[in-house]
Amino acid sequence: MAIQIYNSQSKQKEVFKPIHAPKVGMYVCGITVYDYCHIGHARVMVCFDVIVRHLRARGYDVNYVRNITDIDDKIIARAIENGESTQALTERFIKAMHEDEDALQVLRPNVEPKATDYIHQITDMVQTLVEKGYAYPAANGDVYFRVEKFADYGKLSGKKIEDLQSGARVDVNEQKESPLDFVLWKASKPSEPHWHSPWGEGRPGWHIECSAMSKHTIGEHLDIHGGGHDLQFPHHENEIAQSECAHGHTYVNTWMHVGFVNVDNEKMSKSLGNFFTIRDVLKKYPAEVIRFFLLSSHYRNPLNYTTENLDNARAALRRLYGALEGVQQLPPSASLVAQWTDAYNAAMDDDFNTPQAFAVLFDLVTELNKAKAAKDVNSMGQLAQLLVSLANQLGLLTSEPSTFLQLGSGSSDLSEADIQAKIDARIAAKQAKDFARADAIRNELKDEGIEILDTPQGTTWRRV
RNA sequence: GGCCGGAUGGUAGAGUGGUUAUACACUUGAUUGCAAAUCAAUGAAUCUCGGUUCGAUUCCGGGUCCGGCCUCCA
């Protein structure tokens, strides 16, 4: 069964065929590091993390590259605002980004190239484009890409050059031959960070860094290139123009774009100011709940950020962990593994359908709970281990069940020892048939946000 | 204005040319000292108007509404 991936360029699912199987070259546009990452960034990180994990689980040797934009207008502006160097600013936020990713169980890409480490490769590529006539230096020291020279311009986003020209939303810039032309190299003011180039002191334009860095970390022809949906145009369109004109052949086979996280059904974005940072949300919800939430909708669809949806994710995750609680895991039989792994892979092979994969996990939970009810120690042990191993492929169920279930938002002062003492007292009361006392203790705990569960394996507790 | 995507039960969210997942919530039964958890059963949806078809939620066309891109954005 082959993996099918929806290609944004062809607008349909295609059978995935790497250029040099089993190797896969995959490049994802990362973030511009001048602020903390928000939940929209988290979605892109988590979705591509799951995509890479699944490709690897299916036997591919994935070279996963995700860049870091560490020089641009906003970085310069923020650094001036803060009275610090751009380097100090970007290093701080790269560190913060890694902390957020680690919390969300996002595996690091193989390479995280930074634009400022590839200036030479960038100027080389700009030089090539100038030599081939696809780019031109302007009088002020900028270098622009000549969009009309590239016949395929618009093939990714479905836009036509004529439509774009009449759109009139492009900057009027005297330096450009055409308003659609975009900057490859920007002349810098003396006070700004700058690098030497054949066209004078300056810094790279945004789009060119990805063309240059993908070439030098993967190659001229990528299997997969991804990013947020808003990058499709103009960023990815411009990358295609640069790379295909510089190299003279196809740049990317499969384009993947992750849908937005919305707030009140509107795109969450820094410019709209309606964003929630990952670290803000981590104060309110366990990281795993956030990860589950981000994967609960298909990656291409919009995802609405609401407390209801986060709470729902938490409740769903509690069902998964609840099934594992008190079960001694056992190695599953080959037939059991085949049955459930096939179902799981069928979901994930179909354009990484995580909601469908979740459904498989929950079906497995139902079987596991049945086995628990029947006290079938052998079945439940095998099903539990299978559940954990499949969920682990999604970066989920990586905690001990009791650890997750006892995490809470409640602000109880009770220590675990206090809780255990009350539970012991209640058990004693129950044995003495003093149910009024037992219930009183249970209510005391409930007021503290602690829920008591009497199970065949003994009394356990969790936070509400 | 140009281009693109979406509309599924109370909520979230998949698949499917015929019998529609899964989760949360609701109802009933079993279980429990009573609960909780769990199991079982039940209820509950495919925006609208046409077309193709024996049959459309699914395919095609029109409409309505929502969102995105066209300017920095994940």
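Order of the sequence lines fixes the chain letters, A, B, ..., with proteins taken first and strands second; residue numbering starts at 1 for each chain.
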[atom1]-based separation of [M] from [N] [nearest Å]:
| N | M | atom1 | answer |
| --- | --- | --- | --- |
| B/U58 | B/G18 | C1' | 11 Å |
| B/U48 | B/G43 | C1' | 27 Å |
| B/G5 | B/U11 | C1' | 23 Å |
| B/U27 | B/G68 | C1' | 41 Å |
| B/C47 | B/U8 | P | 6 Å |
| B/G13 | B/G67 | P | 16 Å |
| B/C70 | B/U22 | P | 40 Å |
| B/U19 | B/A45 | P | 14 Å |

Could you check A/Glu308 against A/Asn312 for side chain to side chain donor-acceptor pair (under 3.5 Å), going step by step and ending with a plain yes or no?
CA-CA 6 Å; A/Glu308 288 78 11; A/Asn312 194 316; over 6 Å; no
Can you find a heavy atom in the side chain of [X] that is under 4.5 Å from one in the side chain of [Y]?
| X | Y | value |
| --- | --- | --- |
| A/Glu444 | A/Lys422 | yes |
| A/Leu156 | A/Phe233 | no |
| A/Thr398 | A/Gln105 | yes |
| A/Glu239 | A/Cys29 | yes |

Does a side-chain N or O from [X] land closer than 4.0 Å to OP1 or OP2 of [N], or not?
| X | N | answer |
| --- | --- | --- |
| A/Ser269 | B/C72 | no |
| A/Lys372 | B/A37 | no |
| A/Asn265 | B/G67 | no |
| A/Asn353 | B/G15 | yes |
| A/Arg78 | B/C72 | no |
| A/Arg319 | B/U38 | yes |
| A/Asn304 | B/G13 | no |

Check whether A/Asp72 reaches the backbone of A/Lys74 with its side chain - one donor and one acceptor, N or O, closer than 3.5 Å.
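Indeed, once roles are kept as given, a pair shorter than 3.5 Å links the two residues.
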Of all the nucleotides listed ([options]), which has the minimum atom distance to the side chain of [X]?
| X | options | result |
| --- | --- | --- |
| A/Asn309 | B/A12, B/A74, B/A36 | B/A12 |
| A/Ser297 | B/A74, B/A14, B/A36 | B/A14 |
| A/Leu453 | B/A74, B/C34, B/A36 | B/A36 |
| A/Asp363 | B/U22, B/A37, B/A14 | B/U22 |
| A/Asn312 | B/A23, B/G15, B/C70 | B/A23 |
| A/Thr366 | B/C39, B/A14, B/G68 | B/C39 |
| A/Lys159 | B/A74, B/C34, B/C70 | B/C70 |
| A/Glu266 | B/A74, B/G68, B/U38 | B/G68 |
| A/Gln356 | B/G68, B/G2, B/G15 | B/G15 |
| A/Lys370 | B/C39, B/A12, B/C70 | B/C39 |

Take atom [atom1] of [X] and atom [atom2] of [N], then tell me their distance rounded to the nearest Å.
| X | N | atom1 | atom2 | result |
| --- | --- | --- | --- | --- |
| A/Leu303 | B/G13 | CG | C1' | 10 Å |
| A/Asn7 | B/C4 | CG | P | 16 Å |
| A/Asp163 | B/C70 | CG | C1' | 10 Å |
| A/Asn238 | B/C72 | CG | P | 9 Å |
| A/Glu237 | B/C70 | CD | P | 12 Å |
| A/Arg318 | B/U22 | CZ | C1' | 19 Å |
| A/His257 | B/C70 | NE2 | P | 12 Å |
| A/Glu162 | B/G2 | CD | P | 14 Å |

Closer to the 5' end of RNA chain B via nearest nucleotide, is it A/Pro355 or A/Phe362?
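Here A/Pro355 is the residue nearer the 5' end.
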Given RNA chain B, 5'-ward residue of the pair A/Ser157 and A/Gln232, judged by closest heavy atom
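It is A/Ser157 whose nearest nucleotide is closer to the 5' end.
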Assess A/Arg300 against A/Tyr6: is NZ or CZ under 6.0 Å from the centre of the six-membered ring, and within 45 degrees of the ring's axis?
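Cation-pi check for A/Arg300 and A/Tyr6: passes.
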Decide whether a cation-pi geometry holds between A/Lys176 and A/Phe182; the criteria are a distance under 6.0 Å from NZ or CZ to the six-membered ring centre and an angle within 45° of the ring axis.
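Cation-pi check for A/Lys176 and A/Phe182: fails.
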Sidechain N-carboxylate O distance under 4.0 Å for A/Glu244, A/Lys155:
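Salt bridge: yes.
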Write down the partner of B/A7 under the Watson-Crick or G-U wobble criteria, each distance required to be under 3.5 Å.
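B/A7 is paired with B/U64.
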If we call it a pair only when both distances are under 3.5 Å in a Watson-Crick or G-U wobble match, what pairs with B/U38?
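B/A30 - that is the nucleotide pairing with B/U38, both distances being under 3.5 Å.
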I need the residues from residues 426-442 of chain A with at least one non-hydrogen atom less than 4.0 Å from RNA chain B; give them sorted by number, or say none.
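A/Arg426, A/Lys430, A/Phe435, A/Asp439, A/Arg442 - these, ordered by number, are the residues of the stretch whose heavy atoms sit under 4.0 Å from the strand.
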Assign [X] to base, sugar-phosphate, or nothing according to its heavy-atom contacts below 4.0 angstrom with the strands shown.
| X | result |
| --- | --- |
| A/Ile452 | base |
| A/His235 | nothing |
| A/Val28 | nothing |
| A/Glu451 | sugar-phosphate |
| A/Asn301 | sugar-phosphate |
| A/Gly154 | nothing |
| A/Lys267 | base |
| A/Gly40 | base |

Going through the checks in order, is the side chain to side chain donor-acceptor pair (under 3.5 Å) test met by A/Asp280 and A/Thr277?
CA-CA 5 Å; A/Asp280 282 344; A/Thr277 66; 3.1 Å; yes
A/Tyr321 and side-chain hydrogen bond (donor to acceptor under 3.5 Å, both in side chains): which single residue from A/Arg462, A/Glu400, A/Glu288 fits?
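Of all the options given, the one that passes is A/Glu288.
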Between the base of B/C4 and the side chain of A/Lys11, is there any donor-acceptor pair under 3.5 Å?
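Side chain to base: no pair present.
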Are A/Phe358 and A/Phe292 near enough that their ring centres are under 6.0 Å apart?
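Centroid distance A/Phe358-A/Phe292: below 6.0 Å, so yes.
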